[in-house]
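Atoms within a ligand are numbered from 1 in the order they appear, just like the ligands themselves.
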Amino acid sequence: MKVLVVGGGGREHALAWKISQSPRVKKVFCAPGNAGIAEIAECVDIKPENIPAICELVRREKIDMTVVGPEAPLVEGLVDELEKLGYPVFGPRQRAAEIEGSKVLAKEIMHKYGIPTAGYKVFAEAGAARRYIKEAGAPCVVKADGLATGKGVIVAGDRETALGAVHSIMEERVFGTAGNRIVVEECLQGEEASFLAFTDGRNVLPMIAAQDHKRVYDNDQGPNTGGMGAYAPAPVLTPALQEEVMEKVMIPAVQGLAAEDRPYLGVLYAGLMITNKGPKVLEFNARFGDPEAQPILMLLESDLVDVMEATLAGELNKVSLRWKTGAAVCVVLASGGYPGPYRKGEVITGLENMPDNVVVFHAGTARRAERIVTAGGRVLGVTALGEDIPRAIELVYRAVAGISFNGMHYRKDIGQKALK
Ligand code: AMP
Ligand code: GLY
């Protein structure tokens, strides 16, 4: 079969890598892909949000299954459009993807179906939000309702920061219409974890738990990023906690979405805070996490295409996921300046001769003549599979030491929380 992966980051490289290993797959396409994906797939220069062009590609190449990586095309309705044309596609439809596309909707569903989350209030008007923040005080968290490329959440330690967030989101409109409404919520304390599951709208098949590293510097210092590294399995989610998350979060969310006439098919990702009162949901995502997909897919033994097809057929009850033993750790190598402005076009060296248990997933890379150059903020996701977390950490940093480009920076402490 022919499979199209939509997107061009580390997550999509991991998806294309895993999908291309299926004996059933003859060819993988990727739109737009990157320099690493180009080595295993045919990359077509189409933006993920260009829905008509993607539909045309699927028609022209007679794609048997499309897999959507990022949130924007899901929220824009790419799945609905392909389905209308009769093409199989893995990912939630627009109304279901709104669980990520609208933080207000996510909160309302959590509230209605008793899913544990931070207490919150919704505001459509800056003045009312300001009055509330002045009264309730800090710390608090201010979130733009809509998609904001991962930048729409401000964890405010003091009132001034919270009021500044209200001003920039609702009055300066830094995220456009995503800031028509905001959620102001209680600030939760604890360790974060990423819990992902396949779901066909009825059955929920959990993946191995992972942990992301959102802040740019070691020891969780500095501003938030898309994610500077991830590992799996994450011991913070003990088997008992995983069961609790299934019962209190994942199953009620899938059932609640179905009851709201938003049947959910695809990967549902719960971003969790493990508080001393148990796991609480920070956010839902309508897709694989990036970088979490990289260690998770490196550990997945099962044929991903089989699992995706079972999802589309509503037959996940017939599937059990098989995992490799051991652990996987992914370290993101980022451009100088990221998550702020950064330069592109820096030549990357040292990508050859990786050991068998290390894969360098590309994110922001491009090919320029014979060279591979940087083309984004997150450039590479170096991912290693080891017998356990300490050995995977050792392997991954040995591989990282051989790679370089001007301005390259990365966290030195990926996976350390798992060792505590
Ligand atoms: P989100 O996009 O909603 O996951 O938010 C991005 C990041 O902000 C999360 O990964 C957390 O680190 C932080 N965050 C979000 N909501 C809260 C909260 N209620 N309490 C504390 N931190 C939060
Ligand atoms: N790594 C966080 C996310 O994918 O949203």
**Student:** Taking a 3.5 Å cut-off between nitrogen or oxygen atoms, can you list every pair linking ligand 2 to the protein, with distances?
**Tutor:**
| residue | atom | partner | partner atom | Å |
| --- | --- | --- | --- | --- |
| ligand 2 | 1 (N) | Asp212 | OD2 | 2.8 |
| ligand 2 | 1 (N) | Gly226 | O | 3.3 |
| ligand 2 | 1 (N) | Asp290 | O | 2.9 |
| ligand 2 | 1 (N) | Glu292 | OE1 | 2.8 |
| ligand 2 | 1 (N) | Glu292 | OE2 | 3.4 |
| ligand 2 | 4 (O) | Arg287 | NH1 | 3.0 |
| ligand 2 | 4 (O) | Asp290 | N | 2.9 |
| ligand 2 | 5 (O) | Asn285 | ND2 | 3.4 |
| ligand 2 | 5 (O) | Arg287 | NH2 | 2.9 |

**Student:** Given side chains that start at C-beta, do those of Glu76 and Leu74 come closer than 4.5 Å, heavy atoms only?
**Tutor:** no
**Student:** Measure up the Phe288 and Phe198 rings against each other and bin them: parallel (under 30°), tilted (30 to 60°), perpendicular (over 60°).
**Tutor:** perpendicular
**Student:** Of all residues at least two apart in sequence or in a different chain, which pass the side-chain hydrogen bond (donor to acceptor under 3.5 Å, both in side chains) check with Tyr410?
**Tutor:** none
**Student:** Has Glu243 got more than 12 heavy atoms of other residues, nucleotides or ligands less than 6.0 Å from its CD?
**Tutor:** no
**Student:** Quick check: does any side chain N or O of Tyr397 sit under 3.5 Å from a backbone N or O of Ile414, one acting as donor and the other as acceptor?
**Tutor:** yes
**Student:** Indicate the ring-plane relationship of His409 and Tyr217, choosing parallel, tilted or perpendicular according to the 30° and 60° boundaries.
**Tutor:** tilted
**Student:** Applying side-chain hydrogen bond (donor to acceptor under 3.5 Å, both in side chains), name anything that partners Thr349, two or more places apart in sequence or on another chain.
**Tutor:** Ser404
**Student:** Salt bridge between Glu135 and Arg131, side-chain N to carboxylate O under 4.0 Å?
**Tutor:** no
**Student:** For ligand 1, what are the residues with a heavy-atom contact below 4.0 Å?
**Tutor:** Lys103, Ala118, Val141, Lys143, Val153, Val155, Glu185, Glu186, Cys187, Leu188, Glu192, Lys214, Asn224, Met273, Leu282, Glu283
**Student:** Applying ring-ring contact (aromatic ring centres under 6.0 Å, His included), run through Tyr269 and Phe284 and close with a yes or a no.
**Tutor:** CA-CA 6 Å; Tyr269 162 148; Phe284 282 112; 9.2 Å; no
